[in-house]
*Asks:* 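Before I ask anything, here is the structure I am working with.
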There are 2 protein chains.
Amino acid sequence: MKIQRAELIPVAVADPPLLNVMGVHEPWALRSVLRLLCDDGITGLGESYGDVAFLDAARSVASRLPGFDVFNLPAVRALVAEAVGSRVYAGQHGLTGAYSSEKTLATVYSLFEVAILDAQGHALGRSVSDLLGGKTRDSVDFSAYVFYKYGAHIDGRTDEWGEVLTPDAVVAEAKAMVGRYGFRSIKLKGGVLPPDQEVAAVRALADEFRGQPLRIDPNGAWTPLTGIRIARELDGILEYLEDPTPGIAGMAKVAQQASMPLATNMCVVRFADLPPSIAANAVAIVLGDHHYWGGLRLIQSLSILCQTFGLGLSMHSNTHLGISLAAMVHLAAVTPHLTCACDTHWPWKTGDVIVPGALEFRDGSVAVPTGPGLGVDLDEDALARAHENYLRSGLTARDDAGYMRRYEPSFRPNISRW
Amino acid sequence: MKIQRAELIPVAVADPPLLNVMGVHEPWALRSVLRLLCDDGITGLGESYGDVAFLDAARSVASRLPGFDVFNLPAVRALVAEAVGSRVYAGQHGLTGAYSSEKTLATVYSLFEVAILDAQGHALGRSVSDLLGGKTRDSVDFSAYVFYKYGAHIDGRTDEWGEVLTPDAVVAEAKAMVGRYGFRSIKLKGGVLPPDQEVAAVRALADEFRGQPLRIDPNGAWTPLTGIRIARELDGILEYLEDPTPGIAGMAKVAQQASMPLATNMCVVRFADLPPSIAANAVAIVLGDHHYWGGLRLIQSLSILCQTFGLGLSMHSNTHLGISLAAMVHLAAVTPHLTCACDTHWPWKTGDVIVPGALEFRDGSVAVPTGPGLGVDLDEDALARAHENYLRSGLTARDDAGYMRRYEPSFRPNISRW
């Protein structure tokens with residue numbers, strides 16, 4: 001079965017001013033939607049980043065995809081390799097670790113792999129999880145993703161969540177999120193305020209949500225010494241400590257002194273990072289992300305590798321829409337060695353491109369869609385609106401730091417800042 | 001789609017008196033054929049070991065398989081885990097490394113995984129390689145498998161290959177095999193004669209087959225010191241040296257001094273063996289075998305793991321029939337990181353259970369079958385004959401050592417013997 005057309009549609013959804021180590025989320029989060037049109041009216045959907053650098057790379061593949069067999073993924077991978085060459089895609093602004101040509105290939109290929117698996121599933125009448133070996137679970141647990149945030153965008157646009165800059169506000173946000181979606185574990189995005197303030201917020205969460213797994217992710221904002229100190233202060237409180245400090249060497253220093261496991265989506269971001277990380281005992285939990293690890297099948301292999309070396313595995317998330325959530329849910333469902341609830345930005349989402357109803361959070365979990373392929377369908381009107389938003393936004397790349405400078409002109413993004 | 005019946009049929013094919021470290025091949029090689037009968041007349045085929053211990057374990061699964069969904073492999077895996085429990089299957093007589101409950105589960109599950117993938121393929125009209133992610137190659141290279149052998153079985157039965165106990169005879173056997181099948185690399189099964197005689201045979205092969213990759217596999221028959229000495233003597237001649245000595249520690253000692261890579265199917269035989277082997281730099285090439293590593297999908301993950309850690313990957317073989325060859329070929333086809341020609345006992349095979357024609361050796365390669373599933377069909381008459389052979393053979397387990405004692409009453413199998 002051949003691919004006839006590959007459409008890449010940039011979209012944008014309104015995003016609240018969420019804070020992180022690099023700055024603050026801009027008013028619009030950019031994503032790309034890939035729609036494959038194949039023989040016999042079969043379609044396939046993929047979703048990934050929406051900045052112009054990624055779109056350019058993905059378009060250079062999409063334009064050459066017609067005529068490819070949807071069952072010949074290796075040929076598509078070879079096409080991606082040829083199309084991206086030695087290009088290094090650096091679109092994630094420091095929040096997903098180092099850039100490399102290996103990661104670029106993995107990132108671009110992933111978009112096409114997911115869409116092709118969706119098309120295969122539609123052609124065969126089977127779900128993506130069936131094609132990947134079958135579900136080990138019928139629903140997938142996610143964690144609440146609690147952010148510090150400003151009360152309004154620079155243009156004055158507010159949102160229902162309000163300003164969140166204190167422990168009390170963090171707890172209130174978490175309560176609202178847990179109340180709405182039933183999450184049974186909570187992650188605080190840190191690296192925003194001085195570490196002691198973030199420790200206070202975690203303690204406040206621990207008081208409110210007794211016994212629930214808690215995590216904090218400062219995105220490498222701390223020095224190793226600060227990481228060690230905070231690890232001591234949060235002893236017995238955290239399920240895991242995520243990326244306290246950048247780099248394998250720094251993480252290893254913290255890991256040696258920390259009582260809780262260290263997790264990462266920054267210092268182990270491709271297969272080549274695993275041997276040095278394992279040798280240094282730097283990381284206990286890898287937060288995989290099919291968007292930049294090379295697709296669903298490679299995360300399955302990452303899971304076996306992690307299991308083999310006694311590492312945990314969970315899932316990282318950037319802002320995403322329903323196609324990516326469906327891919328994440330199918331992937332998590334077919335991955336027996338998945339040791340913690342996955343991350344998702346879902347609660348912050350203000351729109352989508354899929355027909356509602358296929359994916360719902362209940363008790364913090366999402367049931368695996370049972371329809372063919374990913375089990376989600378495009379909502380053409382919503383897609384058109386999201387594309388309009390993209391055009392209207394005027395944005396071409398994510399720039400949390402540049403946007404932050406509109407709030408704080410002297411802001412300079414840097415990790416290891418405390 | 002449900003499984004309606006699972007038939008496990010033990011079979012035997014006549015086998016020449018091939019020599020190895022454990023003794024000599026008995027007159028009959030035992031295998032098992034698994035036939036699944038599913039809804040809508042869909043069938044699935046698997047093949048594995050044929051000794052009574054394996055048959056017992058596999059039957060305890062097969063009898064409970066009816067009613068299982070062919071797309072729910074995780075449920076089948078759970079059934080296998082429950083059925084085999086903590087049982088340790090020890091049927092391979094020291095030629096495939098240590099036994100463990102982990103390896104037992106992997107071994108029994110593999111038979112069912114392959115048959116179920118075949119059934120999935122028939123149900124969907126796609127090949128097993130399509131289901132595993134698509135072919136990266138259209139044909140798979142194999143190596144000639146040269147054995148020392150006796151000229152006749154103990155009952156006087158001879159074969160076309162005659163006695164092979166000298167370098168000249170080894171070369172003659174290799175020439176016949178290469179002439180017939182076109183192999184472009186050659187492996188000598190060693191561990192049979194004192195090491196210097198085997199070195200002489202390898203040198204004779206190198207003289208005859210200039211520039212072709214050569215390997216020797218003494219199945220751990222040597223001490224580390226002997227391994228180091230032989231590695232020096234075969235410097236520049238071997239593509240790899242396979243299992244010169246048993247165990248990770250011993251292999252690491254040899255590896256430190258050897259100029260050529262060391263390969264193994266004995267000291268790394270399950271995922272748990274990889275971390276210590278990698279830490280010790282014991283092995284450069286893992287010879288995977290889906291029959292005991294847990295099936296086709298897990299070998300795909302093994303390949304990613306090997307690639308990640310800079311290890312080569314190739315494929316081990318025991319005596320096998322066409323169903324296993326088809327599985328090996330599909331697996332090799334979907335495995336980009338496969339760094340050497342695979343092993344196969346195929347040339348020694350005297351019969352089969354599949355309809356001829358689907359699998360042929362040309363220039364040492366086998367083209368990947370393109371039909372649905374594994375792309376091979378049972379030959380009912382041949383299957384019946386092979387099952388008759390099994391009943392007639394009176395054998396219930398492979399016992400190369402016991403059989404050797406009928407030639408040499410004082411023979412005692414032991415590795416590290418030289």
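Lettering of chains follows the sequences in order, A, B, ..., and the numbering in each one begins at 1. For the numbers below, each heavy atom of this structure counts, side chains included, while hydrogens, waters and symmetry mates do not.
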*Asks:* Taking only heavy atoms into account, what residues of residues 72-84 of chain A are found under 4.5 Å from chain B?
*Replies:* N72(A), L73(A), P74(A)
*Asks:* Please report the interatomic distance CG(D130(A)) to CG(L131(B)), rounded to the nearest 0.5 Å.
*Replies:* 11.0 Å
*Asks:* I'd like to verify something: which residue of D69(B), T136(B), I116(B) has the highest number of heavy-atom pairs under 4.5 Å with chain A?
*Replies:* T136(B)
*Asks:* Let me confirm one number: the CD-CD1 distance from Q300(B) to I304(A), rounded to the nearest 0.5 Å.
*Replies:* 11.0 Å
*Asks:* I need the contact set between residues 277-291 of chain B and chain A: heavy-atom distance under 4.5 Å, sorted by residue number.
*Replies:* I278(B)
*Asks:* Chain B heavy atoms under 4.5 Å from R126(A): which part of the residue, side chain, backbone, both or neither?
*Replies:* side chain
*Asks:* Can you find a pair of side-chain heavy atoms, one from P275(B) and one from T308(A), that are under 4.5 Å apart?
*Replies:* yes
*Asks:* Once you round to the nearest 0.5 Å, how far does CD of Q307(B) lie from CZ of F271(A)?
*Replies:* 8.5 Å
*Asks:* Of all of L274(B), L298(B), L124(B), which one pairs up most often with chain A through heavy atoms under 4.5 Å apart?
*Replies:* L124(B)
